[in-house]
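What follows is one structure encoded as structure tokens, with my remarks underneath.
No hydrogens, no waters, no symmetry mates; every other heavy atom, side chains included, goes into these values.
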Amino acid sequence: RYWVRLAGWRLSGRRPGLLVDIDGLSEAVDVMRGCGLTDGGDPLLCSAALVLLAFQRLDGSWPYWVLAPGTGGADGPLALEPEDASFYNRLHPTWVAVQSLRDRNFEYDRKGNARWAQLMDRMLKQTDLRRLDVKITYERPRRRSKARR
């Protein structure tokens, strides 16, 4: 509820700079869906999904915000979008948002799942990902002798 409430304040324009943890909200949505909740049966999940969609940018990504220095008091946590964010930090909010919003119906006989399997088979053949460039081998750990135990 906390992130949904902060998002509501930000989206309404009452508190436009408020920090909304996209990663946290997305992870919460993902967990709720993973527990079997649905948008139609859980108002909080539905509200959280709508908030995530409202923050999606025109290019399909989601923003990466951090806590602005010196904020968090009476004005609430304010967001800062770092210009020098790493690739991972720019990618991760989008990754978790997409994963949290995706369909959870894993019935293999669904038309979409069958088409996805066909696409992946074709892509694996085209990219030759089945062939390893380097085979990673690990040494077996040594057994501790009984005297050392």
Quiz item: Who are the ring-ring contact (aromatic ring centres under 6.0 Å, His included) partners of Trp65, not counting sequence neighbours?
Solution: Phe55
Exercise. Report the residues that fulfil side-chain contact (heavy atoms from CB on, under 4.5 Å) with Leu119, sequence neighbours left out, ordered by chain and then residue number.
Key: Trp116, Arg122, Met123
Exercise. Return each pair, listed once, that meets side-chain hydrogen bond (donor to acceptor under 3.5 Å, both in side chains) where at least one residue sits in residues 17-39; pairs must be two or more places apart or across chains.
Key: Asp23-His92, Asp30-Arg104, Arg33-Asp39
Quiz item: Taking the side chain as C-beta and beyond, is there a heavy-atom pair between Val29 and Leu45 under 4.5 Å?
Solution: yes
Quiz item: Which pairs count as ring pair (Phe, Tyr, Trp, His ring centres under 6.0 Å) when at least one residue sits in residues 5-49, sequence neighbours excluded?
Solution: none
Exercise. Identify the two heavy atoms, one from Trp62 and one from Thr94, that lie closest to each other, and give their separation to 0.1 Å.
Key: N-OG1, 2.9 Å
Practice problem: For Leu50, check side-chain contact (heavy atoms from CB on, under 4.5 Å) against everything at least two apart and list the hits. | Solution: Cys46
Quiz item: Say you draw a straight line from CG of Leu18 to CH2 of Trp3; how long is it, rounded to the nearest 0.5 Å?
Solution: 13.5 Å
Self-check item: Within one Ile-Leu-Val-Met-Phe-Trp-Tyr cluster: Val66 and Leu91, side-chain cutoff 4.5 Å
Solution: no
Exercise. Quick one: which residue pairs count as a salt bridge (charged side-chain N to carboxylate O under 4.0 Å, His left out) with a foot in residues 86-101, not counting sequence neighbours?
Key: none
Practice problem: Search all heavy atoms of Leu6 against all heavy atoms of Pro77 and return the closest pair with its distance. | Solution: CD1-CG, 4.4 Å
Self-check item: Listed once per pair and sorted, the salt bridge (charged side-chain N to carboxylate O under 4.0 Å, His left out) pairs that draw on residues 51-64, sequence neighbours left out
Solution: Arg57-Glu81
Exercise. Would you please name every residue forming a side-chain hydrogen bond (donor to acceptor under 3.5 Å, both in side chains) with Gln99, sequence neighbours left out?
Key: Arg102
Practice problem: If a pair satisfies ring pair (Phe, Tyr, Trp, His ring centres under 6.0 Å) and one of its residues is in residues 18-48, list it, with sequence neighbours excluded. | Solution: none
Self-check item: Heavy-atom closest pair, residues Val4 and Ser47
Solution: CG1-CB, 4.0 Å
Self-check item: Partners meeting side-chain hydrogen bond (donor to acceptor under 3.5 Å, both in side chains) with Ser12 (sequence neighbours left out)
Solution: Arg14
Quiz item: Of all heavy-atom pairs between Pro63 and Ile22, which one has the smallest distance, and what is that distance?
Solution: O-CG1, 3.8 Å
Quiz prompt | Other ILVMFWY residues reachable from Val96 by side-chain steps of under 4.5 Å | solution = Trp95
Exercise. Find out if a path of hydrophobic residues (ILVMFWY) with successive side-chain heavy-atom gaps under 4.5 Å connects Val20 to Val98.
Key: yes
Exercise. Taking all non-hydrogen atoms of both residues into account, name the closest pair between Arg10 and Gly17 and its distance.
Key: NH1-C, 3.4 Å
Quiz item: Are Val51 and Val31 connected in the hydrophobic side-chain network, where two residues link if heavy atoms are under 4.5 Å apart?
Solution: no
Exercise. With sequence neighbours excluded, tell me which residues meet side-chain contact (heavy atoms from CB on, under 4.5 Å) with Ala68.
Key: Thr71, Leu78, Leu80
